[in-house]
Amino acid sequence: MSCGEPLKQDYFNRPTLEVTRDLLGKCLCRKLDGETKRLRISEVEAYDGPKDKACHAHRGKTARNEVMFGPAGRWYVYLCYGMHWMLNVVTGPVDFPAAVLLRGCVEVIGPGRLTKALSVDRVQDREIISPDCGLWIEDDGCEAPVTEVRRTPRIGIGYAGKEWVDKPYRFVWEKGKLA
DNA sequence: TAAGTGATCTCT
DNA sequence: GAGATCACTTAA
C-alpha cells in the first residue's frame with residue numbers, strides 16, 4: 001500500500017461540513033510499536049459551532065472542550081459513558097468551536113471500538129494532527145463517490161432538541177461497510 | 001433490553 | 001461536595 005500525503009492544519013480550517021464530507025475515504029493512521037496502521041474512514045459526524053445544541057461547546061468553553069475553541073487541526077479526545085474514548089478532529093477558525101467525530105472505518109465500525117483498536121486515549125487529546133504525535137490522517141487519492149455517501153441524523157444526541165437532532169450531519173460511506 | 005463505568009458539569 | 005448526565009458497547 002502506497003503512503004499518502006499527511007493532511008495539514010489548513011485542510012481542517014474550512015467549513016465543518018466540508019471537512020466532514022471530505023474525510024470519508026481518507027486514511028486514519030496510527031503508529032504503534034514501530035508499525036503504522038492505516039484505516040479507511042467510512043463514518044463521521046459534524047458538530048458545528050456554539051449554536052449546535054448537540055455540540056459540547058454550545059454552552060460555552062470548559063476545561064474539557066477548550067481545544068475546540070482553538071485552531072483547527074488538533075485532536076479532541078474525551079471519555080464517554082465511563083469507558084469509551086471518542087476521537088474528534090477540531091475544525092474551523094479560532095474561537096469557533098467545531099469538530100468532526102470519527103465514528104468508524106472500513107475495518108472497525110463504532111467510535112468506541114475505533115479508539116480501542118488504535119490505542120487512542122487522553123494522551124492524544126489536544127495534540128496537533130500530524131505524524132509527530134503518532135496519530136494523523138492521510139490522503140492517498142481515494143475519494144468516496146457522491147453517489148455512495150449517505151447522510152443521516154446523528155446518533156445518540158436526543159437531548160439536543162428537534163431542530164438539531166434532525167440535521168443530517170452524519171456521513172456514511174456505504175461501500176466502506178461492504179469491504 | 002439493560003447494565004456497566006467514570007469524567008464532567010451544574011447545582012447546592 | 002453531591003447528583004445527574006453522557007457524541008457507547010456488550011452480553012443476554
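Per chain, numbering begins at 1; letters A, B, ... match sequence-line order. Here the structure is a predicted model, which is why all the values come from computation and not from measurement.
If you take CG on A:Asp125 and OH on A:Tyr76, they are separated by 7.5 Å, rounding to the nearest 0.5 Å. To the nearest 0.5 Å, atom CG of residue A:Leu101 and atom CG of residue A:Leu114 are 9.0 Å apart.
Within the 4.0 Å cut-off from OP1 or OP2 of B:dT10, at least one side-chain nitrogen or oxygen of A:Arg59 is found.
At whole-Å resolution of the value, CG in A:Asp121 and P in B:dT5 are 19 Å apart. Between the P atom of B:dG6 and the CZ atom of A:Arg64 lies a distance of 17 Å, rounded to the nearest Å. Atom CG of A:Asn65 and atom P of B:dA7 are 18 Å apart (whole Å). If you measure from atom CE of A:Met83 to atom P of B:dT5, you get 6 Å, rounded to the nearest angstrom. Distance, A:His84 NE2 to C:dT10 P: 7 Å, rounded to whole Å. What separates OH of A:Tyr78 from P of C:dC8 is a distance of 7 Å, to the nearest Å. For A:His56 and B:dC9, the NE2 to C1' distance is 11 Å, given to the nearest whole Å. Atom C1' of nucleotide C:dC8 and atom CG of A:Leu102 are separated by 16 Å, given to the nearest angstrom.
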Pairs under 3.5 Å (Watson-Crick or G-U), crossing ones as [ ], inter-strand ones as |: DNA chain B comes out as ||||.||||||.
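At least one test fails for A:Arg154 against the ring of A:Tyr169: distance under 6.0 Å to the centre or angle within 45° of the axis. In this structure, A:Arg14 satisfies the cation-pi test against A:Tyr11, with its NZ or CZ atom closer than 6.0 Å to the six-membered ring centre and inside 45 degrees of the ring normal. Under a cutoff of 6.0 Å and an axis angle of 45°, A:Lys167 and A:Trp164 form a cation-pi pair.
Aromatic ring centroids of A:Tyr78 and A:His56 lie under 6.0 Å apart.
Counting non-hydrogen atoms under 4.0 angstrom, A:Met86 reaches the backbone sugars and phosphates but no base. At a threshold of 4.0 angstrom between heavy atoms, the contacts of A:Arg154 with the nucleic acid are absent. At the heavy-atom level, A:Ile155 lies under 4.0 Å from the strands shown only through sugar-phosphate atoms.
A donor-acceptor contact shorter than 3.5 Å is absent between the side chain of A:Arg40 and the backbone of A:Cys27.
Listed candidates were C:dT10, B:dA7, C:dC8. Nearest to the side chain of A:Arg122 is B:dA7. The side chain of A:Leu79 sits closest to B:dA7 out of B:dA7, B:dC9, C:dC8.
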